[in-house]
Asker: 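Handing you a structure now.
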Amino acid sequence: MAEYKVKLQAYAKAILHAAKYPHCAVNGVLLADKEKLKDGRCLEFVDCVPFFHHSLALAPMLEVALVQVDAYCQAQGLKIAAYYQANELLKDLEPDSIAVRIADRINDNSSDSCLLMIDNTKLTAGCEKCVLRLHTLQDGKWGYRGAQASSLKLDNSDTTLRVTADLLRSRAYNELVDFDTHLGDITKEWQNLELNTQIENCS
Amino acid sequence: MATSMDWQEARDKLKKWREENTRNSIETVELGQYLLENYRRRLGDEVWTIYEQVCIAALDCGDQDLATDIIDTVEHNFPSSIRGKRLEGLQLESLGEYEAAEEHYEILLKEDPANAMVRKRLIALLKGQNRLGEAIKELNAYLQKFMSDHEAWMELADLYISEQNYNKAIFCFEELIMSNPHNHLYHQKYAEIQYTQGGTECMEIARKYFAHAVKLNGNNMRALYGMFMAATNIASSPKASGKIKKDNMKYASWAAQQIAYKYKVAQGKDTGSKMKHLETMLDCLQIAPAP
């Protein structure tokens, strides 16, 4: 089984996405470095593209987002390698059929990809713990293998958590643009380049 | 920050958020507290609306103390108001005391059986407990009585979508389009559901409604993208006849042109690198012209 490592920029943006829309479900994808994908069993997520907060279950805009991000990845030497979702209800952390369907589709192109659910109850201002729950594909089914068995790690865990907490405190989520926001106003870009700089400056 | 803002500005901001249903709960609490602490007398009757708004925002942020203070003040001044008592129910909900909240609302409903606000809270309670089947049933019953409640039709459609019951979601949007035929968002959403449903016939309908949404509002990017995607999909279907292929390719390339133009305008002179992935996307979806 592959190991997964989440870098600061990828983690922080996914968390800020969930924090920006506490009252809705959100989803998006994590991008891994293509070069590093080849040589090891460790997937390193270097970036995150937040997708939607309106309706996650409709196909057309999801297809547009996936195709666009794919084209972006090709230019940058990256690959879509994980799907993440935070459910609408606080205590609900099971992937629904939509999550499974999208994760399946990503898996068609990236065989070591995974599905990450955000545990809303752990999403506190202090960010003490990693809030991602790793689901992997085994025998054609996505499943959570328990916290002990989890091969998901935050890169430089202490710093990543501390910086994410700082970003939440400074309300950096106001700057975050997801694909939904982009479709509403295309002058705002889902690459979040300014936010990336802000994240870098915090670390 | 709030302290340097003059009070009229703060009041207008809250009013705008109220009217647009913006859920800026943290900011609402900050601005609201500043206004209520310093300028309560100058707000006139609007003060009560602001109390209500801040109370809901406080519950959203989990600030139970502030919410309790406000509820006490409101109930002291309007002891028999159902709108005031609704806040109490909302607090029970935010504390996760669903049964107590349900009881509370049932009592209010006995006093005023036609109260839409309270009935909707009872449905929201079911949704909050992930009892979607029951929520759908109750919402249907509600809509029999309050047929012109657009918000409720949208909510019902969303519930059906999350159950992947697209046919029923489509029905909800047909109701919405009939009562409001010039709203481009309804056409766009209707098309999105048809597209999700899939199949040749639905894809045709999707393309038509996306096109109609574009006609009603040329700046609707979702509709433009949708029209492009649906037309591309139809044109690349092996079952499509030569004429259908040709027509749909024409629609797709028109939509692609529009999309490219919108990005050009939005990004001004700086189009170079950012346009690339968009072009790649449009290219890789575009099918080679039929011989």
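Numbered from 1 within each chain, the chains take letters A, B, ... in sequence-line order. In what follows, every heavy atom counts, from backbone to side chain, and hydrogens, waters and symmetry copies are set aside.
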Asker: Please classify the contact of B:Leu224 with chain A as side chain, backbone, both or neither, using a heavy-atom distance under 4.5 Å.
Answerer: neither
Asker: Crowded around B:Lys262 NZ? As in, over 12 foreign heavy atoms under 6.0 Å?
Answerer: yes
Asker: B:Arg222 and A:Met61: which non-hydrogen atoms are nearest, and at how many Å?
Answerer: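 What the structure gives for the nearest pair is O-CE, 3.1 Å.
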Asker: Checking heavy atoms, do the side chain of A:Asp92, its backbone, both or neither come under 4.5 Å from chain B?
Answerer: side chain
Asker: Based on non-hydrogen pairs under 4.5 Å, which of A:Thr187, A:Asp96, A:Leu89 is most in contact with chain B?
Answerer: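 Between A:Thr187, A:Asp96, A:Leu89, the count favours A:Leu89.
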Asker: Looking at CG of B:Asn233 and CD of A:Glu63, how far apart are the two atoms once the value is rounded to the nearest 0.5 Å?
Answerer: 7.5 Å
Asker: Could you list which of residues 54-64 of chain B have a heavy atom closer than 4.5 Å to any heavy atom of chain A, in residue-number order?
Answerer: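 If one takes a 4.5 Å heavy-atom cut-off, no residue of residues 54-64 of chain B lies near chain A.
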Asker: If you count heavy-atom pairs within less than 4.5 Å of chain A, which of B:Gly226, B:Ser25, B:Gly128 leads?
Answerer: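 The residue among B:Gly226, B:Ser25, B:Gly128 with the greatest pair count is B:Gly128.
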Asker: Please check if the number of heavy atoms outside A:Glu194 that lie under 6.0 Å from its CD is greater than 12.
Answerer: no
Asker: Assess the residue pair B:Met221 and A:Val64 against the criterion (side-chain contact (heavy atoms from CB on, under 4.5 Å)); give the C-alpha distance rounded to whole Å, side-chain angles, the decisive distance to 0.1 Å, and a yes or no.
Answerer: CA-CA 11 Å; B:Met221 289 306 291; A:Val64 173; over 6 Å; no
Asker: So what's closer than 4.5 Å to chain A heavy atoms on B:Gln188: side chain, backbone, both or neither?
Answerer: neither
Asker: Please list, in residue-number order, every residue in residues 153-164 of chain B that has a heavy atom less than 4.5 Å from any heavy atom of chain A; write 'none' if there are none.
Answerer: B:Ile161, B:Gln164
Asker: Which heavy-atom pair separates B:Lys189 from A:Ser55 by the least distance, and what is that distance?
Answerer: CE-OG, 3.8 Å
Asker: May I ask you to list the residues in residues 176-184 of chain A that approach chain B closer than 4.5 angstrom, counting heavy atoms only, ordered by number?
Answerer: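 The stretch touches chain B at A:Asp180, A:His182, A:Leu183, A:Gly184.
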Asker: Taking the side chain as everything from C-beta on, heavy atoms only, tell me whether A:Lys91 gets closer than 4.5 Å to B:Asn130.
Answerer: no
Asker: In terms of heavy-atom contacts, does CD of A:Glu200 have more than 12 from other residues, nucleotides or ligands at under 6.0 Å?
Answerer: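 No, because the 6.0 Å sphere around CD of A:Glu200 holds 12 heavy atoms or fewer from other groups.
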Asker: For residues 201-217 of chain B, which residue pairs qualify under salt bridge (charged side-chain N to carboxylate O under 4.0 Å, His left out), counting only residues two or more places apart or in two chains?
Answerer: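 Pairs touching residues 201-217 of chain B that pass the test: B:Glu204-B:Arg207.
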Asker: Write down the atom of B:Phe210, the atom of A:Pro60, and the distance for their closest heavy-atom approach.
Answerer: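 Nearest pair, atom of B:Phe210 first, then A:Pro60: CZ-CG, 4.2 Å.
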Asker: For the backbone of A:Ala59 and the side chain of B:Thr196, can you confirm whether one donor and one acceptor N or O come within less than 3.5 Å of each other?
Answerer: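 Judged by distance alone, yes, a pair lies under 3.5 Å.
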Asker: For A:Lys129, look at atom NZ and say whether over 12 heavy atoms of other residues, nucleotides or ligands are found less than 6.0 Å away.
Answerer: no
